[in-house]
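We name chains A, B, ... by the order of the sequence lines, and we start the count at 1 in each one. What you see is a predicted model, and the numbers here were worked out from it, not measured in a lab.
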Amino acid sequence: MDKANFFKDVYDVVRQIPAGRVTSYGAIAQYLGVKSGARMVGWAMNASFTEKEYVPAHRVVNRKGLLTGKHHFSNPNAMEDRLKAEGIEVENDQITQFEKYYWDPSKELEI
DNA sequence: AAGCTGACTATGG
DNA sequence: GCCATAGCCAGCT
């Protein structure tokens, strides 16, 4: 609202990610209708830390299933730790069987 | 105000 | 299959 609706939409989608599932920045951007707004999604995640409501940014990874944003957490180990806590197997900062855990908002939430 | 940066993705070599 | 380049938009310096 105060900020771009884009950010709010990103937070809303990320919060709707079910536990044990992950998605990619591009998927969210595509769901929001921003074709190449993947960077904005990542930027929104960075801004999400300023948000009062918690945003499960650890469930959002890049298209390769790599935990690129883990370094932005309070503790770089927190991201994979949370993912593991949700039953997602993470190895070498990368989600194993990424396709298995992949959650596409445009498919699950439907447009 | 202008330019750089950035948690990305797709394409080309 | 990996490295380099381009496109994208908004925030920050």
For residues 60-67 of chain A, please give each side-chain donor-acceptor pair under 3.5 Å, one per line with the distance, not counting sequence neighbours.
residue : atom : partner : partner atom : Å
N62(A)  : OD1  : K64(A)  : N            : 3.3
N62(A)  : OD1  : G65(A)  : N            : 3.1
N62(A)  : OD1  : L66(A)  : N            : 2.6

Donor-acceptor under 3.5 Å (S24(A) side chain, A27(A) main chain): yes
Sugar-phosphate or base contact per nucleotide [nucleotides 5-10 of chain B; S, B, -; heavy atom under 4.0 Å]: -BBBSS
Whether Y102(A) and F98(A) hold their rings parallel, tilted or perpendicular, with breakpoints at 30° and 60°: perpendicular
Protein-nucleotide distance (L32(A), atom CG; dC9(C), atom P), rounded to Å: 14 Å
Donor-acceptor contact below 3.5 Å, side chain R82(A) vs main chain A57(A): no
Enclosure of E91(A) CD (heavy-atom neighbours >12, cutoff 6.0 Å): no
